[in-house]
Amino acid sequence: MTNYNELQECIIKGNRIKARELTQECLDNGNPAKEILDEGLIPGMAVVGKKFQDGEYFIPEMLVSARALNIGLGILKPLLEASDVKPVAKVLVGTVKGDIHDIGKNLVAIMLRGSGFEIIDAGVDVSPEKFVQMAKESGADILGLSALLTTTMTAMKDTVDAFQADGSRDKIKIMIGGAPVTTDYAEKIGADGYAPNAAIAVEMAKTLVGGSR
Amino acid sequence: MTSKERVHAALRREPVDRVPIYMWYYPETRLQLGELLEIPAEKVLDAMGDDIRQKWVGGNYAMEGIVHDHEGDSHIDHWGIEWVKLGSVNQIKKYPLQNATQDDRLNYKYPYDKIEALLQEMDSILPLADDFFIGCDVSPCAFEMVYRLCSMDDALLNLAADPELSSSMLKDASAFALRLSEIACQRYPIDWLWTGDDVAGQERMMMRPQQWREIIGPVLAKVIEVGRKNRMWVAHHCCGATRPVIPDLIEMGVNVLNPVQGNCPGMDPVELKREYGAELAFMGGIDTQELLPGGSVSDVRRETEYLLEKMTADGGGYILAASHVIPHETPLENVFAMYEAAGVSREEIFNRASEIRKNK
């Protein structure tokens, strides 16, 4: 059995060159892509999330780890798809209409991707209608909305309302985050949850899909 | 007491007739106040009684100094950054160095040839220098300028992936702010040099505080030193949870910290005052994320009175301000409540507005 510690360590340290080498080496040795993902890449990123949560890592360290992770994922992706391995869930993420501050959304996407979720990134300044349309097209299980400004957080409510009006609200879980957002606000607008940071967003996403299945 | 005397006295912890005030408004908030007071929006600070007049001569001018009429209108600034009006202010649409090569980043030319044009912004407030406290804002001074050029993700990634490149870009960014500061301080009767560099988020700093100390702090210190050398007060703006580096900023010579977001970890204004108040004055603290847009008039009044009492406990060292620009959802009565708590009545404000109308 392969020891994945070294691959995990590449993700934790953000060594993208070695991450590429080791991922390929594992494949060449005949290890299944799903095993490399589940025992190498994801546990490595989980340590990164923990270090971020504990205040040992900051955003730059997380971004470097994500870069190494993405190299590994890029190699595995075609093989995972070919063997019909499904992601934990599909998450559509984006910043709401009027808001182009996307660092928070990007961090959440990184941590979710590193936990086995498939991310569909709607980008920035996304209208409620566009979210509804993209959710339908992608078959997303979860929608993650981000807003930095008090002036744009109201667009979160508009987005939740758009899913209601469309009749597709019960098909998707909605989680929200961003500087001005609170648990109270999430409840008030009828979202399913609020996550104060990227690490907690992963836990929340797992809970949300766990609850719906 | 003139506004100018009031701010200087407060910063020296000497007696004042009332606490100095300097509020920042979203353009819409300012328009709403102008409509209510029946005066042009640009006269709102005069009517409200704010004590400081300040201009952006650095990169912030492109964000807030250029006001577009229509949503989606855009412009490219002297740095090659494309800004688009989205909501209340201009936001970045295109970063000139995003995905650029290392050489392009290292050879990027700051707009030194535009310094005179940038400094001209000061002209409109210089005639007020006898009565008002004059500020010159040279921000963003270091890391914030780098991420405006190459995007925040990119700038943050490079801090860990290529610290040497980051360090070099930070030196270039601060060198430009330093040049602006030197000319402004030598040429104009400025009361404070306003520096700024956003490096913190809602929960913590964006980068390791130790890394800030190694590559951001030293270049920022040179800009701050210009104000100190010219015997001016130096104010510094950094949003968010900036607590870990407050002692460093004090050491560098920062006299006033803004905007003091009390809902970020470690940023309780009263606690900061207790710990650093002997060496550092504060401007800000009235919460713009929940209290001002969502609180009642009595909430705002109570919180402002509380802060005023605690933040001036040693006889001064506080300028009343919101913890950032006042968002447009803020009921105007909440704005008046802050001023009332500081001793500026609604009646006084309306009387001044009436004078402004007469003198038009």
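Given the structure is predicted, the values throughout are model-derived calculations rather than measurements. Here is the naming used below: chain letters follow the sequence lines, and residue numbers restart at 1 for every chain. Reckoned from all heavy atoms, side chains included, excluding hydrogens, waters and symmetry mates.
- You'll find the side chain of A/Q53 reaches within 4.5 Å of the side chain of A/I200, heavy atoms only.
- Salt bridge status for A/K188 with A/D184: absent, with no side-chain N to carboxylate O gap under 4.0 Å.
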Hey, can you pull the donor-acceptor pairs under 3.5 Å for the side chains in residues 285-294 of chain B, sequence neighbours left out?
| residue | atom | partner | partner atom | Å |
| --- | --- | --- | --- | --- |
| B/D287 | OD1 | B/Q289 | N | 3.0 |
| B/D287 | OD2 | B/E290 | N | 2.8 |
| B/D287 | OD2 | B/L291 | N | 2.9 |
| B/T288 | OG1 | B/S323 | OG | 3.3 |
| B/Q289 | OE1 | B/Q202 | NE2 | 3.0 |
| B/Q289 | OE1 | B/N263 | ND2 | 2.6 |
| B/Q289 | NE2 | B/Q202 | OE1 | 3.3 |

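- With a 4.5 angstrom heavy-atom cutoff, A/R16 does not touch chain B via any of its atoms.
- Using non-hydrogen atoms only and a strict 4.5 Å limit, the part of residues 155-171 of chain B facing chain A consists of B/L156, B/L157, B/L159, B/A160, B/A161.
- Identified by a heavy-atom distance below 4.5 Å to chain B, the contributing residues of residues 121-137 of chain A are A/D125, in residue-number order.
- In this structure, B/W24 and B/H237 have tilted ring planes: the angle between them lies in the 30° to 60° band.
- A/K51 has a carboxylate O that lies under 4.0 Å from a charged side-chain N of A/E56, or vice versa, which qualifies the two as a salt bridge.
- With a 6.0 Å cutoff to the six-membered ring centre and a 45° limit on the axis angle, B/R208 does not count as a cation-pi contact of A/Y57.
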Full working for side-chain contact (heavy atoms from CB on, under 4.5 Å) between B/L320 and B/M23: CA-CA 8 Å; B/L320 176 63; B/M23 295 290 168; 3.8 Å; yes

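- The side-chain hydrogen bond (donor to acceptor under 3.5 Å, both in side chains) test applied to A/K97 returns no partner, not counting sequence neighbours.
- For A/T154, no part sits under 4.5 Å from any heavy atom of chain B, backbone or side chain.
- Note: B/H75 and B/H68 have tilted aromatic rings, judged against thresholds of 30 and 60 degrees for the angle between ring planes.
- Both the backbone and the side chain of B/Q91 come within less than 4.5 Å of a heavy atom of chain A.
- Contact count against chain B (heavy-atom pairs under 4.5 Å) is highest for A/G98 among A/G178, A/G98, A/A66, A/G104.
- A 4.5 Å side-chain heavy-atom check between B/D198 and B/Y147 finds at least one atom pair inside the cut-off.
- For B/R148 and B/Y95, the positive end is not near the middle of the six-membered ring at less than 6.0 Å and at most 45° from its axis.
- Proximity of B/V199 to B/C238: side-chain heavy atoms (C-beta onward) are separated by under 4.5 Å at one or more points.
- Options B/E329, B/E71, B/M152 differ in how many heavy-atom pairs under 4.5 Å they form with chain A, and the most are formed by B/E329.
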